[in-house]
Each structure stands twice: as C-alpha cells, then as structure tokens.
Amino acid sequence: MKSSTRVAIIGGGVVGCSVLYHLTKLGWSDVMLIERSELTSGSTWHAAGGFHTLNGDTNMAALQGYTIKLYKELEDITGMSCGLHHSGGITLADNQDRFDMLVAERAKHRYMGLDTEILGPAEIGKLAPITNLDGIVGGLYDPLDGHLDPSGTTHAYAKAARMDGATIETHCKVTETNQRPDGTWDVVTEKGTIHAEHVVNAGGLWAREVAAMAGIYAPLHPMEHQYIVTDDIPEIYNRDSEHPHVIDPGGESYLRQEGRGLCIGFYEKPCRPWGVDGTPWDFGHELLPDDFDKIEDSIAFAYERFPVLATAGVKSVIHGPFTFAPDGNPLVGPVPGVRNYWSACGVMAGFSQGGGVGLMLAQWMIEGECERDVTALDVARYGSWITPGYTRPKVIENYQTRFSVSYPNEELPAARPHRTTPMYDTFTALGAVWGHQFGLEVVNYFAKDGDPTYETPTFRRSDAWNATKREVQAVRNGVGINEVQNFGKFRVTGPGARAWLDRIMAGRIPQPGRMSLTPMLSPKGRLWGDFTVSCLSEEEFQLTASYGAQDIHHRWFQQNASDDCTVENISNRRTGFQIAGPKARDLLKACTRNDVDSIKFLDVRHMTIGQVACIVQRVSYTGDLGFEIFCDPMDQRQLWQTLWEAGQPMGITPFGMRAMMSLRLDRFFGSWQREFSPDYTAAETGMDRFISFKKNTDFIGRAAAEAERANPPARTLVSFEVDADDADVVAYEPVFINDQVAGFCTSGGYSHHADKSIAMALVPREHAVNGLVAEIEIMGKRHKATRVTEHLFDPDMTAMRG
Ligand SMILES: Cc1cc2nc3c(=O)[nH]c(=O)nc-3n(C[C@H](O)[C@H](O)[C@H](O)COP(=O)(O)OP(=O)(O)OC[C@H]3O[C@@H](n4cnc5c(N)ncnc54)[C@H](O)[C@@H]3O)c2cc1C
C-alpha cells in the first residue's frame, strides 16, 4: 500500500468514486481511495439506481443534469456498462398547488436548457397507461429521467479514475485521522498509515464516525428506506418500450420498470431514523428486515394509483439506510476551521447528484473555487450551532416532505425555535410570525387586526399581504424598527487590518467614522460577498453581510488570514435594531444626548443610546432615512425599551423580513443569494460600481474585474415593472424578449409602497435599453414586463442621504 498521497478519500461508495474520478479528470493523479470493505459497501449497493433532474434548487438541478449526462462519458472511457435506462419520467400533480410547482419548475428549465414538458392527464395516460388518472391535474415529463446499475456505475467511476493514475485500497478500514502541525494528515488504517495532504470524508453511512475521527460533527442522519420489486406484470412485459418512471408525490412513491415487473419505493410519513447513536462498523451487505406496516398507507395509495400492483406478487423487498442532511442537500466542501479536510457526504441521491458533487469538490480542491454557486450544498451552510438534536428531527421532516410541494414562503416547523435572541418573547407578544435563517428565529411579519398567525404556504400572493403592506407604510410614513441580528458580522482589528481589507475586498476601505459598500470577489471575479465595511478606528473595522453565509465568509477569511490582524465572527456577539423612515432621526434624537443632526449618510459613530453603549451607522436597506444601531446582546432589551418608549408618540412600528424585502425593491437593492451570488460577477450585477480600481492594491479578483471592465459581460441586471395578477416573481422565472427566452429573474416581489409588481433579472446587455418591454412567465402565464430605471421611492435620494 502507498504510504503517502496528495488526497486520501475515505469511502468507496458512488460518491467517493466520483470524487476520485473527477480529481483525476481535472489533473490530480496522486490520489487514493480507501475502502473498509468492497466498493459499494454502504448505501450504494442497495440503491434503486433511479436518477432525475428535478430539484427545487436551480444549481442542484444543473448538477443533477451534469451527473446524468456523465454516465455516457463514463461508459465511453471505460468500456463498462452503467446499465443505463433513459426511460423518461413523469412527476404527477394531483392538486393545483403541486401542478403550480411543476409549472414553475418547467419555467426555470426553459433557460436552463432542460427539455421538460408539462403534460395533461390524457398525455400521461398515453405515456404511462398503468396510471389511474382520477384526480390528476397534470404532470411534468423529463426525458432525461431513468435508472442505472448502481454497482456497475460505481465501478465505472473507479475504473476511469484508475486509468488516470488513481489508487484504490479495499478491505482497509480507516481508524484515525490525525492532523500534523503543517496541516497535512496521517490517515491511520488497518494496513498502516498514509500521509496525505488532503482528506476527503466520503464515508456515506459512516460519515459521522469518520468526521468524528477529526473532531468534526457531520450534520447528517441515516433514514430507513424501502422499495419493492414485483413479479412479472403482463401490462409491463407486453409493452414495446420501457415504461417511464412515475413519481407520485401524493402517494409518496416513485415507480419504474424493473425487468418484466415494476419497482416501487416510498417516502412514508411514519418513517424511521436509523443508527441514531452511530452506524455500527460491522454493518455491511445485510438489509434491514422487511417492514410493510411502516408503508401500509403508501402501498394502499399506490394500489389506487397503479391498480396493476394490487394483483402483482412481490419478488423482493429492499430495505436499507441512507443519509440525509437537514435540508436534504449534500454536505460538500472544505470543513470550516479544519485545514485540508473536505466533506463529500450527506448525498441522499447519489445517482442523481454524485457526479455533480465529485465535479464541484474536485474544482474546489484543485482550482480553489467551483464553476457555479454551491451554497446549497456547502457544508458551511450549517454553523457550529448545529447538533444531533437539531439534525435528527430536521432529517425526519425532510424525509417526510421529500415529495411534498415546497412553497417559496414556506417555513418548516421541525426543531424550532432553535436559536432566539433576547427579543423573542417581546416580539412574540407583539404578534411576531417567525421564519428562520441559519438556525435563528427571524420575524417575517407582525400579525395584528385579524392577520393570520401562520402564513399559508402558496405560490401566489400570501395572506401576509395586509400585514406586510401595513409595515411598509409605517416605515415610509413614520418610523419602523426591526432587529439587525440576522446580519453576519465580523470584527477586524490590528495594525494590518486596513491592508488586509484592501486585499480581501474589491472596494474602497473607508476612513475612520465612515462606511463603504464593497463586493468581495473570488480569484476568478465571482461575487463572494456584498459587504458593508465600517471603520471604527484605524485599527478596528466592523463588517456586515449575509447572516446565513457567515461561516462561508469566515472560512474564506481564515484561508486568507494575515498575521497582522485578527478577524472574529461576532455575528452573535453584536446585535441591535434598525430604525427607518422619515421620523427615524427624531426617534434617535429622543434617545441620546449625542449629536444626531451631524450624522451624515454612511457615517458610523460610537454613541450612548439611553443607557446602552452602541455603534450607530447611518444606512438602511429600506432605502429610507435610517440608522443601524448595534449593541451587546446583554443590552438589547434595555436598548429596545429606550427606542420603543421614545417611539410611541411617533407611532413606532415593528416590521419583519416580508416588509424589508418589499422596501428594498423600491430602490432595486439586490440581495445576497438572489441578485448577488457566486453565480454572477460584479459587472453583471452592477456591483462593479463599488470596485475601487484606483486603489493601489492587488485585491483578490482584480485581474478578472479589470478584464470585465475592458470587456463588459454579456448580461446585465435590470429591473422590471410586471403586469402581474395574483402572483409575483420569486426567482428564476424566464424573461422573454422578442418571443425568445433571453434571461431570467433573480428575484422580485411586490412593492407595497409603489403598488407595483417588481422583478429583477439578468438580460443580454444589448437589450438593456430604456423602455425595454419583455415578458416574464409567472405560474405558466406570460406577463408584460417594462424596464424601470427610476427608483420607486426617493428617486433624488433626499430621504436616504439628506
Ligand atoms: C433502499 C435505497 C434505495 C435508494 N435508491 C436510490 C435511487 O434510486 N437513486 C439514488 O440516487 N439514490 C438512491 N439511494 C441513495 C443512495 O444509495 C445514496 O445516495 C448513495 O449510495 C450514497 O453514496 P455514498 O458514497 O455517499 O455512501 P455509501 O454508499 O454509504 O459509501 C460509503 C463507503 O464508505 C466506506 N467507509 C465508511 N467508513 C470507512 C472507513 N472508516 N474506512 C474505509 N471506508 C469506509 C463504506 O464501507 C462505504 O463503502 C437509495 C438508498 C437506499 C437505502
């Protein structure tokens, strides 16, 4: 056995083998996979082998598309068969909401170049004649759907990797991973120790145990899962062509042809987590005992939907465990705080996603960044707040809702509230309807006067409409208050702080007492953050950005650390409130003896508000006159008391994120993970106006940004007013120009201030002219969309800057 390698991958399931293949494909051949038994000895061997592209997250859907197209390449390279069956697949909709979701997915597929199709019941009946069409509204057909041979495919990945120099060591259990002071690893196995520069955890069913060897908690959990293979069925074996896959979300089932019969699997509601206290090391090629009781209701439903099943005999039952992360997406990438340790686990659909996961991880390791935004699968999307006690109920919820409709305004209830601020009870008493972000409870809106205390999930305008409008108007006409807890916040201190920031951030770093907005770029010029930098003194800066991205950002800061400054994640150590609206200044004045009148737009000051020491900065994402007031969490309730009491004569109104996201539309402010994400560059999104090309620093991404300046990108961000009816843009709706799909929406919503439906979209630069009239598809209907360039609120910026 080799004693050293550049990369040691632990785990020879489909995911580990895909990572191995992609590392070699991208040029690293000194790579090694270590497997405790034979390849496929975890979940992989008993998978049903189905694959499909449909995924609510657009980047995941694209990676699934990549994975599916890769199998042909593997077969060509290796001469091995992956046992591919491109039978096509239909996802059924048995109610209008589910149909709405499929129509919205189809709309996204238009610009993604996926050839899916919405079908009516009659067309479904022709393609999948064993389906009882009672109650079926329609379905989505995807010609790419199909299935394969799990073992053959895994071995094809392995062979392709070996052909490019990779090594595979089977029957070699890893027992320890110990980091050396230089950041490299000693991977201790039953056959000896391997010195590796990088370790990849692809331990699948044992990923938790493998992670624990390095002191890491991997937030995933195995669930039991069962599928049944039937005896021969004449309606199947008498067909001229293979029966397509049919996913019946109403019945929690997926079905496909298997030989001359059918195979049907279930995501049953009475599901069961497996291996709660760990996966036994001696678990191998055995299956779990059949459990028909657990899937009794699902089977009864399936007999109704596919009557041929009722009379078919059962040939075999496969019941085995596989792992899920709390949101069902993989856990991929560099583990924060652990140098050269990479995660490739939590992949619950290895045959739809494994190729994409391997490609992304290999790009990340070799090139330093991925070709697309991988936030949805980034292991750092969970922070140190996550525990097994949170993961388990969330994984159960995810399993149970695997085929449920997922709505853009939906808030899933399991494991909540998890983290709360000192304001939780106060806001609840004021009617707060809570959402959550990165484990934290965040107010969506305050229910009053008969507003719903639970926002009904929908693809259309929700019943939080009145509450949102009321809060928007309160801000625009008086003064609103909300928490600033859900900002990611960093403190940068030390003599090298300014120089470090100048290198990390593309924009101008402000002078003491001032703030600036700046993009943070990747080396290839993608957006890795949109930051507000506040200079508290020459050696102390506060950064604010997305709360949900705080660990992703912190990881980047650590990877690019300097000896001359310290960067602390203070997201939960600094909290406070934002006050915004025409009376915000009067409110602040009523709460402090410090001078307020002289605070200019983008000033930052230390102030005493009431009896609390605060950092006050004049800026507001509402686009209005506003102040962000930061304090220690221990002081937050005292600060609230001061602001709330002083604000009573002014009609102070608490507002939530629904209002905030409406208010920002009035000034076309972009938002992280919507307009701004690693999928886009600064010049595409207008963030280039904050880049300081004048500064004499080779900031990260400079060369790429300069190149874009010389040669502007093909697409650009614009805003539209949409003639919408009862549904507004959410994200990724296609934009038609001259009847062709020319772009897509990044986000949108309803401006309650201007009473207009607004969309923000990336369109070809040549079309981004004043007066552009396009069409945007919302809920299957095209709506006229007229470009707007003048802000809907405060176009001359007297409120914001005055
Ligand atoms: C019943 C069932 C049906 C399924 N159907 C489908 C389907 O139709 N389509 C689909 O896409 N997915 C399906 N899946 C899910 C699929 O099986 C998984 O997504 C996939 O197998 C995950 O692969 P993996 O490589 O991450 O993990 P695993 O397959 O669990 O591989 C992990 C490997 O790591 C090895 N290992 C662990 N610890 C060590 C160590 N310390 N030292 C050395 N080696 C170690 C293990 O031996 C194992 O071989 C199904 C799962 C089940 C249970």
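Computed from heavy atoms alone, side chains included, the values below leave out hydrogens, waters and symmetry copies. Both ligands and their constituent atoms are indexed starting at 1 by order of listing.
The pair K25-D164 does not count as a salt bridge, with every side-chain nitrogen at least 4.0 angstrom from each carboxylate oxygen. Ionic pairing of D551 and R555 is not present here: no N-O contact between side-chain nitrogen and carboxylate oxygen is shorter than 4.0 angstrom. Electrostatic pairing of R106 and E117 does not count as a salt bridge here, judged by no charged N lying under 4.0 Å from a carboxylate O. With salt bridges taken as basic N to acidic carboxylate O contacts below 4.0 Å, one links D30 and K2. Using a cutoff of 4.0 Å between basic side-chain nitrogens and carboxylate oxygens, D145 and R256 are not scored as salt-bridged.
When each atom of ligand 1 is checked for a heavy atom of M348 under 4.0 Å away, the hits are 12 (N), 15 (C), 19 (O). Atoms of ligand 1 found under 4.0 Å from any heavy atom of G203, numbered from 1 in the order shown, are 32 (C), 34 (O), 37 (C). Counting atoms of ligand 1 from 1 in the listed order, those under 4.0 Å from a heavy atom of V15 are 23 (O), 24 (P), 25 (O), 26 (O). Those atoms of ligand 1 with a heavy atom of K173 less than 4.0 angstrom away are 42 (N). Distances below 4.0 Å separate heavy atoms of I34 from the following atoms of ligand 1: 43 (C), 44 (N). Within ligand 1, the atoms closer than 4.0 Å to a non-hydrogen atom of G50 are 7 (C), 8 (O), 9 (N), 10 (C), 11 (O), numbered from 1 in the order shown. Within the listing of ligand 1, atoms 1 (C), 2 (C), 3 (C) sit less than 4.0 angstrom from a heavy atom of H225.
Closest protein heavy atom to atom 42 (N) of ligand 1: V174 N, 2.9 Å. Looking from atom 53 (C) of ligand 1 to the surrounding protein, the closest heavy atom is H46 CE1, 3.1 Å. Considering only non-hydrogen protein atoms, atom 52 (C) of ligand 1 sits nearest to F322 CD2, 3.6 Å. In this structure, the protein non-hydrogen atom closest to atom 23 (O) of ligand 1 is T44 OG1, 3.3 Å. In terms of protein heavy atoms, atom 35 (C) of ligand 1 is closest to E35 OE1, 3.1 Å. For atom 6 (C) of ligand 1, the closest heavy atom belonging to the protein is A48 N, 3.5 Å. Among protein heavy atoms, the minimum distance from atom 34 (O) of ligand 1 is reached at G11 CA, 3.0 Å. For atom 27 (O) of ligand 1, the nearest protein heavy atom (residue, atom name, distance) is G204 CA, 3.2 Å.
Heavy atoms of S352 come nearer than 4.0 angstrom to ligand 1 in at least one pair. Judged by the shortest distance from any of its heavy atoms, C172 lies inside the 4.0 Å radius around the atoms of ligand 1. Distances shorter than 4.0 angstrom occur between a heavy atom of Y227 and an atom of ligand 1. Distances shorter than 4.0 angstrom occur between a heavy atom of W281 and an atom of ligand 1.
At a heavy-atom cutoff of 4.0 Å, ligand 1 is contacted by no atom of C17, backbone or side chain. Contacts of W206 with ligand 1, taken as heavy-atom pairs under 4.0 Å, involve the side chain alone. Neither the backbone nor the side chain of T189 has any atom closer than 4.0 Å to an atom of ligand 1 (non-hydrogen atoms only). With a heavy-atom cut-off of 4.0 Å, A202 touches ligand 1 through its backbone alone.
Taking only nitrogen or oxygen atoms, main chain and side chain alike, Y254 does not reach within less than 3.5 Å of ligand 1. An N or O contact shorter than 3.5 Å is missing between A47 and ligand 1 by distance. Here's the thing with I318: none of its N/O atoms is less than 3.5 angstrom from an N/O atom of ligand 1. On a distance-only criterion, G320 and ligand 1 share no N/O pair closer than 3.5 Å. Any N or O atom pair closer than 3.5 Å counts here, and G350 shares at least one such pair with ligand 1. At least one N or O atom of V347, backbone or side chain, sits closer than 3.5 Å to an N or O atom of ligand 1. Residue contacts with ligand 1: V210 is placed with no nitrogen or oxygen under 3.5 Å of a nitrogen or oxygen of the ligand (distance criterion only). For ligand 1, the polar-atom distance check finds no N/O of M213 at less than 3.5 Å from any of the ligand's N/O atoms.
Using modelled atom types, one finds a donor on one side chain and an acceptor on the other under 3.5 Å when comparing E268 with Y399. Side chain to side chain, Q64 and Q353 meet the donor-acceptor criterion of an N or O pair below 3.5 Å. Between the side chains of Y21 and E73, at least one donor N or O sits under 3.5 Å from an acceptor N or O. No side-chain donor-acceptor contact under 3.5 Å links S151 and D149. Side-chain N/O atoms of S41 and S37 include a donor and acceptor closer than 3.5 Å.
Note on ring orientation: taking the six-membered ring where Trp is involved, the planes of F403 and Y254 are perpendicular (angle over 60°, cut-offs 30° and 60°).
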**Study point:** Test log, rule ring pair (Phe, Tyr, Trp, His ring centres under 6.0 Å), inputs Y267 and H225
**Key:** CA-CA 7 Å; Y267 282 90; H225 182 63; 4.5 Å; yes
Exercise for review: Give the intermediate values and the outcome of side chain to side chain contact (heavy atoms under 4.5 Å, CB included) for residues I77 and M163.
Suggested key: CA-CA 9 Å; I77 293 172; M163 287 166 70; 4.0 Å; yes
Practice item. Please step through salt bridge (charged side-chain N to carboxylate O under 4.0 Å, His left out) for the pair K315 and D231, ending with a clear verdict. Key: CA-CA 5 Å; K315 191 192 240 164; D231 287 333; 5.7 Å; no
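Across all their heavy atoms, G284 and R36 have their closest contact at CA-NH2, 4.2 Å. Taking each heavy atom of T67 and G356 in turn, the nearest pair found is OG1-N, 2.9 Å. Heavy-atom minimum distance, K159 versus T78: NZ-O, 3.0 Å.
For atom 45 (C) of ligand 1, the nearest non-hydrogen atom from the set H319, R36, E38 belongs to R36.
The structure places CZ of R98 at 10.0 Å from OG1 of T91, a figure rounded to the nearest 0.5 Å.
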